[in-house]
There are 2 protein chains.
Amino acid sequence: MTIQRGFLLVGSKNLNYYSKTPGLYLVWPFNKCNHHGMNRGRPRQFDEKKALLAAMEVFWSKGFEGASCDELLAAMGIKCGSMYLAFGDKQALYDRAFDLYCETEFLRGMEILDGPGTPLENIRTLVQCWGEHMTQPDSKGCFVSNTVIEFSKQPDGVAQLARQVLKRMQDVLENKLKQAADAGELRDGANPAALAAFLVNTANGLNVMARARADKKSIQGVIDSTLLILA
Amino acid sequence: MTIQRGFLLVGSKNLNYYSKTPGLYLVWPFNKCNHHGMNRGRPRQFDEKKALLAAMEVFWSKGFEGASCDELLAAMGIKCGSMYLAFGDKQALYDRAFDLYCETEFLRGMEILDGPGTPLENIRTLVQCWGEHMTQPDSKGCFVSNTVIEFSKQPDGVAQLARQVLKRMQDVLENKLKQAADAGELRDGANPAALAAFLVNTANGLNVMARARADKKSIQGVIDSTLLILA
DNA sequence: CATTTTTTGTACTCCTGGTTAAAAAACTTC
DNA sequence: GAAGTTTTTTAACCAGGAGTACAAAAAATG
C-alpha cells in the first residue's frame, strides 16, 4: 500500500503530513538519527538554543503579555511557522525560556553559596552580587520574580514553577544559614528560617527597585542594611 | 439661524452633538451649573466614585493589560459609552484608579508614621501593618509596586508617577528615621537614608511574596528580621 | 412645547495578536 | 530520479479587545 497525500497521518511527527487515501495509518517516527547521524527532511536553518536565548531576553524584559509574537520572532530571527513547529505556542516558548533562565542566570547565582568562603561569607557575597546585578543600567531584574507577579493568579504551570523556585531558593538559604549558625557565625538567637525568607524578600524587592530605576545609592543602602543583619 | 442635527458642533462639550446644516459653529460650554445648582442634560445614572473604586479593584488585581474592558465595565456596572464619556479611555481610567489608590490605601498607610508613638515606634508599627496587609488571603499586594513593574519601560505618565510615589515614601521614611536618630532611638552609626531605601525595598518584596502566596510564617519571618534592624 | 445639552445602550468598526494552512524548499532514502 | 519527510515561507484566518457612531432617553431652558 502506497502512502498518498490528502489525509492526516496520525502519528507523523508534526501531524502535518497527509495521505490521499482514507484509512487508519500506523506511522513511525522515521526521523530519528540515521546511520549517517543525520535527520531526514529539510534541516533546521536556525540554532534553537540561540533563538530560545533571544526569546528569553524579550520575555525577561517585557513579560509574557508585553512581548508580542512579532517582536519575539524578530528577535529570534525566524518566522512564525518555524517557531510554532519548534516550540509549540507562545506559552510553551515562555516556559522553555523560563527554564533556560533558571538553569543559567538564576541557579548559577545560587552556586555562589557553595564558594570557597565560610557559609556566612558566601551568603554575604551573594547579597552583594544581587546589588551589582541590579545596579547595572540595563538590568532587567529577575525573571523568576517577574513571572511570579505576572502569573500570580494561575494555580499551576510556569506560575507554580516560579513559586517553587523561590521556595527552593529560600530552602537553600535556610540551609546555608543553619550552617553559618552552627559555625557560630550568626548572633545568638538568630533564626535561619526567618532570615532566609527575609533574604528572598530582599531579592524580590531589588527586582522592583531595578525596574523602578532606583538610584545606585538607594540600592547600595538596601544592600548595606541587609548585610547589617548578617553581621 | 436655527441649529439643526447632522453636523458636528465643534466646541460642544463632548464633541458628539450635531447640526443638520453645514457651517462653522461657535459653541459655548452651556452646561455649567445653573442657578438651580443642576447640570443641564440627562443626569448621570451611576456613581462615578463607586465605578472608579470598582475599576481600581480590577486593575489592582489584574494589572493594566490583564484587565479587559469587558471585565472593567462589568465590575463598574456601566456600559462602554458611559465609561468613555466619563473617563476618556482605558489608560485615563487606570490613571484615575491609580490616583485613588494613592489617596486612600497608600498614603493613608503612611499616616501611621504620624501616629501617637515615638518616631521609631511608628515606623515599626508601619512595618507590622505591611505584614498584616500582605498575609490576608485575598491580598492584591501593592498597586504602586505593580504599576512600577508593569510600566517600567515607560518614561512618563503613570509609570513616572508610581516611581515618584515610591521615592516620596522613601523620603518620608528617611525623615522619620532622622527624627528617630535624633531622639536616640537608633543605634550609633545607623544610616537613615540607607534604612529608608531598605524599608521601601522590604515593602516591594512583600508585594511579590503576597502574590507568590508565601506562607504566613515566611512573611512573619520577613517582618521579624526587618524589625531586628530597627531595634 | 420646542430646543439644547447631556447620558445611555447598542451595534459596529478597526486593529492587533496569536495561530493555522498550504505549498515550496531542502534534505534522505530507495 | 522518484518518493518520503521535515523545515521554511507566506498568506491568510480568527477572536477578542479597544474604541466609535448614533439614535434614544432624560433632564434643563425659555
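Order of the sequence lines fixes the chain letters, A, B, ..., with proteins taken first and strands second; residue numbering starts at 1 for each chain. Note that the coordinates shown come from a computational prediction; the quantities given were computed from them, not determined experimentally.
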As a test of understanding, state which of B:D215, B:I219, B:L206 forms a side chain to side chain contact (heavy atoms under 4.5 Å, CB included) with B:T135.
B:I219
Check this for me, if you would: do B:E105 and B:K140 make a salt bridge, where the nitrogen-to-carboxylate-oxygen distance has to be below 4.0 angstrom?
no
Between the base of D:dA27 and the side chain of B:R40, is there a donor-acceptor distance below 3.5 Å?
no
Please give, in whole Å, the distance from C:dG18 P to B:E65 CD?
10 Å
Rounded off to whole Å, could you give me the CD1-to-C1' distance for the B:I78 and D:dA18 pair?
15 Å
Salt-bridge present (B:E150, A:K62; N to O < 4.0 Å):
no
Residue closer to the 5' end of DNA chain D, B:Q45 versus B:M83 (nearest nucleotide)
B:M83
Quick one, B:F64 and B:K90 - any side-chain contact, counting heavy atoms below 4.5 Å?
yes
How many Å lie between CZ on A:F46 and P on D:dT7, as a whole number?
9 Å
Distance, rounded to the nearest Å, where A:M76 contributes CE and D:dT9 contributes P:
14 Å
Phosphate OP1/OP2 of C:dT7 contacted by B:R44 side-chain N/O (<4.0 Å):
yes
NA contact type, A:K90, heavy-atom cut-off 4.0 Å: base, sugar-phosphate, or nothing?
sugar-phosphate
Sugar-phosphate, base or nothing in reach of A:S82, heavy atoms under 4.0 Å
base
Interatomic distance, B:Y84 OH vs D:dG17 C1' [rounded to whole Å]
8 Å
